[in-house]
Amino acid sequence: MVTHLTHWGAFEADSDGTRLTAVRPWRGDPEPTPLIENVASAQHHPARIDQPYVRKGWLEHGPGPAARGDDTFVPVSWDTVLDLLAGELARVYREFGPQAVYGGSYGWASAGRFHHAQSQVHRFLNGLGGYVSHRNSYSLGVSQVLMPHVLADMGALMARATTKSVLARHSELIVSFGGLSPKNSAVSPGGVSRHNTRGWIETAQENGCRFITISPLRDDIPAQADAEWIAPRPGSDAALMLALAQVLDSEGLADNDFLDTHAVGYPRFAQYLRGDVDGVVKDPEWAGQITGIAAQRIRELARDMAAHRTMITVSWSLQRARYGEQPLWLGVVLAAMLGQIGLPGGGFGHGYGSAANVGLAVRATSPPRLPQGENGVDDFIPVARIADMLLDPGAPYEYNGEHRVYPDIRLVYWAGGNPFHHHQNLARLRSAFGRPDTVVVHDPFWSATARHADIVLPSTMTIERDDYGAGEGDRFFFPMPALTAPHADARDDYWMFGELAERLGFGKEFTEGRTATEWLCHLYDEWRARLAEKGHELPDFEAFWSGAALELPIEAEEHVAFADFRADPAAHPLSTPSGRIEIFSETIAGFGYDDCPGHPVWLEPEEWLGSARAAAFPIQLVANQPRTKLHSQLDIGAHSQSTKVQGREPVRLHPDEAAARGLHTGDIVRIFNDRGSCLAGLLVDDAVRPGVAQLSTGAWYDPDPRDPSFCRHGNPNAVTADRGSSRLSQGCTGQLSLVEIERYTDSVPELTVSGPPSIEPV
């Protein structure tokens, strides 16, 4: 019996040396997740990559643009593939330089600190001179740009969010824009030891706290909250929040003393609320026409918020949309107007219900990690602009006040992550992946990204290698000894990069003469020595490795966000340009963006139920995170497969919308707009707002070869728009799209993602 760690939790496993024979939750987890069931069932699935492969067209014709995604792959030996890849890397770096290489690893590969795919590939590419990198994430692209201008950088905002135990004791009202999703809060980068979402919410409710969830999905909050459900039209949250602010302003409920001492720009924002700028008062009657929420309910909610210790939370989902800056900024503004920022149980939160690492005790240290070295290339792109970069090199774009130009990428190197999960408009991304000379992918499985590569290297799963890990902000550090031998001829990324580095002349610099096991011991010993200097004594490596999880030192069991700033804003200023909460940002105003002006406003999205486009596509598709997997990881696992409908990803639709289309639970339906279409299995469910369909991301992209815009498996990114939230952030907008839904009347096509692509016989 050995304990292991995943991004969604720790588990204990028995193994016969080849496969896991039993998997059960770690005994220390009070709220374990069933996602662990995906691990054992996926390990030796037919979709595992068994040896290195090279795309046949690349072998026959050499590097160059190509129609990737449907070609045959040729099995080759490790020596052959490493020689080919080393030669291609040498050619690209020699002829075009490191600015022609995109190091695309995203970071959600398997848990573990040493065999962290992103760290490995970046260390390797830095040894060659560097690479074009990405900024921000698909989950938080807007927040990571906006919040430093307005309140704080996201690292500080998440790591020092008010602890959930404080909310449970002190909050009287929690208003959650976007809900407090139990599935999202079960996941954290690097892992989760003790899930506690249901527990803290149940305690808060028992202490008299009321919950209000504002979401198109009634079940976007645990049942323990017994929450009131308010369901505005998706994409209209900013209008609702403006009306709440207008009531606080017009009825004298705003804390003007706090606004005067701790914020800047409120008078200019208030002019907009009052209609002094555009002649439109942003009152509840105005918002009711946009949101579909009764004006009286909006007034009551504003007064309720002002009368109680209120925590306003904004989920990450709201900023994953066109003009996603606005509701996020307005969440901060509302909390500032209530004057409760820095009070126990009150203020503003961003990420409760979005990830497990928000609202934890403050950890005194981070676990050891592999140094990545220095990147010799300054160029980067916002992560969600990869298709723009590949399709239009040299094109100008704007980002956070900068005028930038997309680089000309000749080689894409991807280890960890799956852009054909995260990205929007997959037919466009498929075209973009056809432009580089060479695409290299490390992956345990024949994911869509691997199928669109030229060189495919089979990497191990975390259960097949020695490592250690701890979740971001989590207090437990786990030894993670390999549970089984590697599948077939899979190897770990460190071995692959070490072999490549040796061929390219910097093997000693990359490995520093250490095996993977020696690195684990070396990094641990360095980390242990640093902690000893701070008075924290930890066991030696051998004792740690042979023991159970190690509890890390904690700086503070409980924390109230911005308490020091509230007490003395001069002595403890924020990291914003003014040192205070920026309701109006001179910096952002100076950029001159009409899609993100100097204070939050209502900007009508192109795709929402109030737009002209809704006449043709009258259903708002919500593409949120899945319940049965993390992103697209292990979609072929038993737990993920258990919820499929005829092998397709399930889509939920309100009974009224289903009846209007003659649809029933279990039907295979076609979801479509003018960008693309996908098949899904229908679930009729009144937990979804009328006018809304909910189809989670994560189904492995299975395009029809005759029409790559048609996904036969149920990936919603076949229909989502590939455009940035605004010129400020260029963040992902994949959360919301307009579609129509109809019964699929043709014969249901076979899926191809459950096995390997076309492979040339040996």
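No hydrogens, no waters, no symmetry mates; every other heavy atom, side chains included, goes into these values.
Trp316 contributes no side-chain N or O that, together with a main-chain N or O of Gly178, makes up a donor-acceptor pair within less than 3.5 Å. A donor-acceptor pair is defined here as one N or O able to donate and one able to accept, closer than 3.5 Å; no such pair exists between the side chain of Asp685 and the backbone of Val688. His195 contributes a side-chain N or O that, together with a main-chain N or O of Trp8, makes up a donor-acceptor pair within less than 3.5 Å. A distance-only check finds a donor-acceptor pair linking the side chain of Gln424 to the backbone of His422 [under 3.5 Å]. Distance alone, capped at 3.5 Å, places no donor-acceptor pair between the Asn136 side chain and the Pro382 backbone. In this structure, Ser585 contributes its side chain and Ile588 its backbone to a donor-acceptor pair below 3.5 Å. Remark: side-chain polar atoms of Arg363 are paired, donor with acceptor, to backbone N or O of Asp474 under 3.5 angstrom. A distance-only check finds no donor-acceptor pair linking the side chain of Gln319 to the backbone of Leu328 [under 3.5 Å]. Listed for the Thr162 side chain is a donor-acceptor partner under 3.5 Å among the backbone atoms of Ala561. Judged by distance alone, the side chain of Ser725 and the main-chain N or O of Gln730 form no donor-acceptor pair under 3.5 Å.
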List the atom pairs, with distances to 0.1 Å, where a side-chain N or O of residues 340-350 and a protein N or O form a donor-acceptor pair under 3.5 Å, not counting sequence neighbours.
{"residue": "Gln340", "atom": "OE1", "partner": "Thr310", "partner atom": "N", "Å": "2.7"}
{"residue": "Gln340", "atom": "NE2", "partner": "His308", "partner atom": "O", "Å": "2.8"}
{"residue": "His350", "atom": "ND1", "partner": "Val314", "partner atom": "O", "Å": "2.7"}
{"residue": "His350", "atom": "NE2", "partner": "Ser143", "partner atom": "OG", "Å": "2.7"}

Evaluation steps, side-chain contact (heavy atoms from CB on, under 4.5 Å), between Phe211 and Asp226: CA-CA 7 Å; Phe211 289 83; Asp226 192 24; over 6 Å; no
CA sep, side-chain torsions, deciding dist, call: Gln205, Gln224, side-chain contact (heavy atoms from CB on, under 4.5 Å): CA-CA 8 Å; Gln205 208 271 344; Gln224 287 78 5; over 6 Å; no
Working for salt bridge (charged side-chain N to carboxylate O under 4.0 Å, His left out), residues Arg218 and Asp686: CA-CA 8 Å; Arg218 184 177 62 217; Asp686 65 3; 3.0 Å; yes
Working for side-chain contact (heavy atoms from CB on, under 4.5 Å), residues Leu360 and Arg475: CA-CA 9 Å; Leu360 299 179; Arg475 67 197 305 164; over 6 Å; no
Phe269 and Leu330: CA distance, side-chain angles, deciding distance, side-chain contact (heavy atoms from CB on, under 4.5 Å) verdict: CA-CA 11 Å; Phe269 172 71; Leu330 281 162; 3.8 Å; yes
Salt bridge (charged side-chain N to carboxylate O under 4.0 Å, His left out) assessment of Arg689 paired with Glu657: CA-CA 10 Å; Arg689 182 195 190 278; Glu657 303 296 346; over 6 Å; no
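In this model, no donor atom of one side chain and acceptor atom of the other lie less than 3.5 Å apart for Thr720 and Ser737. For the residue pair Ser315 and Ser317, a side-chain donor N or O sits within less than 3.5 Å of a side-chain acceptor on the partner. Using modelled atom types, one finds no donor on one side chain facing an acceptor on the other under 3.5 Å when comparing Asn717 with His423. Checked by atom type, the side-chain pair Ser729/Glu325 shows a donor-acceptor distance below 3.5 Å.
His7 and Gly190 get closest at one heavy-atom pair: ND1-N, 2.8 Å. Of all non-hydrogen atoms in Ala287 and Ile298, the two that sit nearest each other are CB-CD1, 4.0 Å. The shortest heavy-atom contact between Val192 and Ala186 is CG2-O, 3.6 Å. Considering all non-hydrogen atoms of both residues, Pro216 and Trp229 come closest at O-CZ2, 3.5 Å. Leu167 and Ala204 get closest at one heavy-atom pair: O-CB, 4.5 Å. Closest non-hydrogen pair, Arg320 versus Ala623, comes out as NH1-O, 3.8 Å.
Here the side chains of Met305 and Leu173 are in contact, with some heavy-atom distance below 4.5 Å. The closest side-chain heavy-atom distance from Phe562 to Leu151 is below 4.5 Å. Side-chain contact between Val247 and Pro284: present, with at least one pair of heavy atoms (C-beta onward) separated by less than 4.5 Å. The shortest side-chain heavy-atom distance between Trp286 and Val281 does not fall under the 4.5 Å cut-off. Inter-residue side-chain proximity for Glu607 and Arg322 is flagged as unmet; no heavy-atom pair is nearer than 4.5 Å. For the pair Pro30/Arg194, a side-chain contact is recorded, criterion being any heavy-atom separation below 4.5 Å from C-beta on. When side chains are defined from C-beta on, Gln326 counts as touching Cys596, because their heavy atoms get closer than 4.5 Å. Looking at Phe565 and Ile581, their side chains come closer than 4.5 Å, going by heavy atoms from C-beta outward.
For Arg268 and Phe584, the positive end sits near the middle of the six-membered ring, less than 6.0 Å away and at most 45° from its axis. Annotation: cation-pi pair Lys164/Tyr352 absent, no NZ/CZ under 6.0 Å from the ring centroid and within 45° of its normal.
One finds the CZ atom of Arg580 at 10.5 Å from the CG atom of Leu259 (value rounded to the nearest 0.5 Å). A distance of 5.5 Å separates CG in Leu248 from CG in Leu338, rounded to the nearest 0.5 Å. Going from atom NE2 of His149 over to atom OG of Ser575 covers 11.0 Å, rounded to the nearest 0.5 Å. From Asp656, atom CG reaches atom NE2 of His654 across 5.0 Å, with rounding to the nearest 0.5 Å. Rounded to the nearest 0.5 angstrom, Leu140 CG and Leu146 CG are separated by 11.5 Å. If you take CG on Leu653 and CG on Leu621, they are separated by 10.5 Å, rounding to the nearest 0.5 Å.
Relative orientation of the Trp602 and Trp608 rings is perpendicular, given thresholds of 30° and 60° on the angle between their planes.
Other residues, nucleotides and ligands contribute only 12 or fewer heavy atoms inside 6.0 Å of the CD atom of Gln289.
With salt bridges taken as basic N to acidic carboxylate O contacts below 4.0 Å, one links Arg627 and Asp219.
Applying the salt bridge (charged side-chain N to carboxylate O under 4.0 Å, His left out) test to residues at least two apart or on different chains, the pairs with a partner in residues 230-253 are Asp249-Arg274, Glu251-Arg303.
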